[in-house]
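Proteins come first, then strands; the chains are lettered A, B, ... in the order of their sequence lines, and each starts at number 1.
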Amino acid sequence: MTGLDDFMLRALLAGIGVALVAGPLGSFVVWRRMAYFGDTLAHSALLGVALGLLLQASITPVVAAVCVALALLLVALQRQRRLAGDTLLGILSHGSLALGLVVLALMEGLRLDLLGYLFGDILSVTRTDIAWIYLAGLLVSAGLVLMWQPLLADTVHQELAQVEGAAVGPARLGFMLLLALFIAISMKVVGILLITALLIIPAASARYFARTPEQMALLASLMGCLAVGGGLSASLQWDLPAGPAVVLVAVLLFSLSLAWGRRE
Amino acid sequence: MDEHTKPLAEMRGVQLTLGGRRVLEQVDISVCGGEIVTLVGPNGAGKSTLVRVLLGLMEPEQGSVWLRPGLRIGYMPQRLSVDPVLPLTVRRFLALGGKSSGSRVNEVLQEVGAGGLLHAPVRSLSGGELQRVLLARALLRDPQLLILDEPVQGVDVAGQTDLYRLIGRIRDRLHCGILMVSHDLHLVMATTDRVVCLNRHVCCSGPPEDVSGDPAYLALFGSSPGLAVYTHHHDHHHHLDERIAPLEGRGEGDDRPG
């Protein structure tokens, strides 16, 4: 295999691994109106990167840990009623992004590809990255299968689900942990600022073609894979930045789905 | 009726404050098997809160809630709004409450008069159809106690009478206890065995004929124009002799249940 083929193949493998998980996870983000929540978790990932570099540890697990910590903090803070949920998210989202940037800037003698973290660097994924993506991806998928029914019941009607004895609390918490894990593995592919796009756009594109939640989740995975394939090809063809190209193809697919949905 | 049976669910001396406002005060209520208890009261009287406390969704500050051990509850919430971005058929919605065989689901949908709706998207349902589907989900749990929060909400008057008749038939067949919330006493009168009139505390309770003539009930719902506690429209008022008369200026006629 030539060098060119090799890095493209790795990029494709990584992108597809992320897109497959993003389908069902993103569907829930859309159904539960948690797009801003996803953004907030993603922004905190930069703080994780800084921390990982400071500790000289492997970055992916540290980023996952920081996202989990922020998710737990958010759950705790949302119990108070003084500030509206989105205000709180805004504060934490931009606060953690700014803190991450400042900490990275303060670290002396560090040559860091900041743009790579912010917008993704899929063409430089290593075999280790791919292993992380598929390992965590399997974990996220297994978790989603386990909590699918209670989480969906909770999404449709919280109190009804609770009265019917669904494990609503564990499912909610579990979902946030899965989201945190997903962000840690997909950061390298599309970057901190574009992760939410990969969650939301394929799911929204799948809406018009689905009759059940499960169909929508699977179709979202498919849409995500198409976006990754198309984006990488475009990036190769016209020398575009890969992460943004993937997102743009996803937006294109969404527009097509809108047109199709209007025709229906 | 059924004064001698042991209740399925009972609440004693329940008190609850929300946002600095006392919502429930010294509330006692009980439901027995085979009995239909209707909770009436003005908006903000704490009806839904009382239901939530009974269901264990909220903790009372004082007082106690007792449910018969192992009690199977079917709950029909006040409203269901499914986000347009979530594709959901009636079948999938019903399955969220637990696994049931296809034939059982069909049977229950037939019973509530929603037979043809199995594959319909939940968002396409009319108000009355949605209420019937919600009722079906509660019935699929094979309940001993049904708790219905405003079961006729968003349904036209003719449909309301139908729904109340259906609820009466369900009680007769399952012999379950039913606690329902309503803000219209006249339509439920024919169906209900006992009425509890709630305005943060229990104002009065008893058979519907008694309650509709009770001074406490009349003070809350009655014709006195000086009392503006209760703002939802009435197209008729109650005379003390239980006659129901249309209000002047409205020609909607008598909606007294048949």
In terms of heavy-atom pairs under 4.5 Å with chain B, which of A:Gln215, A:Arg211, A:Arg33, A:Gln162 leads? A:Arg211
For B:Val82, is there any backbone N or O sitting under 3.5 Å from a side-chain donor or acceptor partner on A:His157? no
Start with the C-alpha distance between A:Glu159 and B:Leu55, add both sets of side-chain angles, then the distance that settles side-chain contact (heavy atoms from CB on, under 4.5 Å), and finish with yes or no. CA-CA 9 Å; A:Glu159 293 191 331; B:Leu55 288 168; over 6 Å; no
Identify the residues of residues 177-204 of chain A whose heavy atoms come closer than 4.5 Å to a heavy atom of chain B, ordered by number, or report 'none'. none
Just do the side-chain contact (heavy atoms from CB on, under 4.5 Å) check on A:Leu160 and B:Tyr75 with the steps written out, would you? CA-CA 7 Å; A:Leu160 187 54; B:Tyr75 170 50; 3.9 Å; yes
Heavy atoms of other groups near B:Arg72 CZ, more than 12 under 6.0 Å: yes
Okay, B:Arg52 and chain A: the region with an atom under 4.5 Å from a heavy atom over there is side chain
Enter the distance from B:Asp83:CG to A:Arg32:CZ here, rounded to the nearest 0.5 Å. 12.0 Å
Just jot down the side chain to side chain donor-acceptor pair (under 3.5 Å) partners of A:Thr212, sequence neighbours excluded, or say none. none
Within a reach of under 6.0 Å around CZ of B:Arg141, are more than 12 heavy atoms found that belong to other residues, nucleotides or ligands? yes
Quick check on B:Leu57 against chain A: is it the side chain, the backbone, both or neither that has a heavy atom closer than 4.5 Å? side chain
Could you tell me if the side chain of A:Trp31 sits less than 4.5 Å from the side chain of B:Pro87, heavy atoms only? yes
Of the non-hydrogen atoms in B:Arg92 and A:Leu152, which two are nearest, and what is the gap between them? NH2-CD2, 3.6 Å
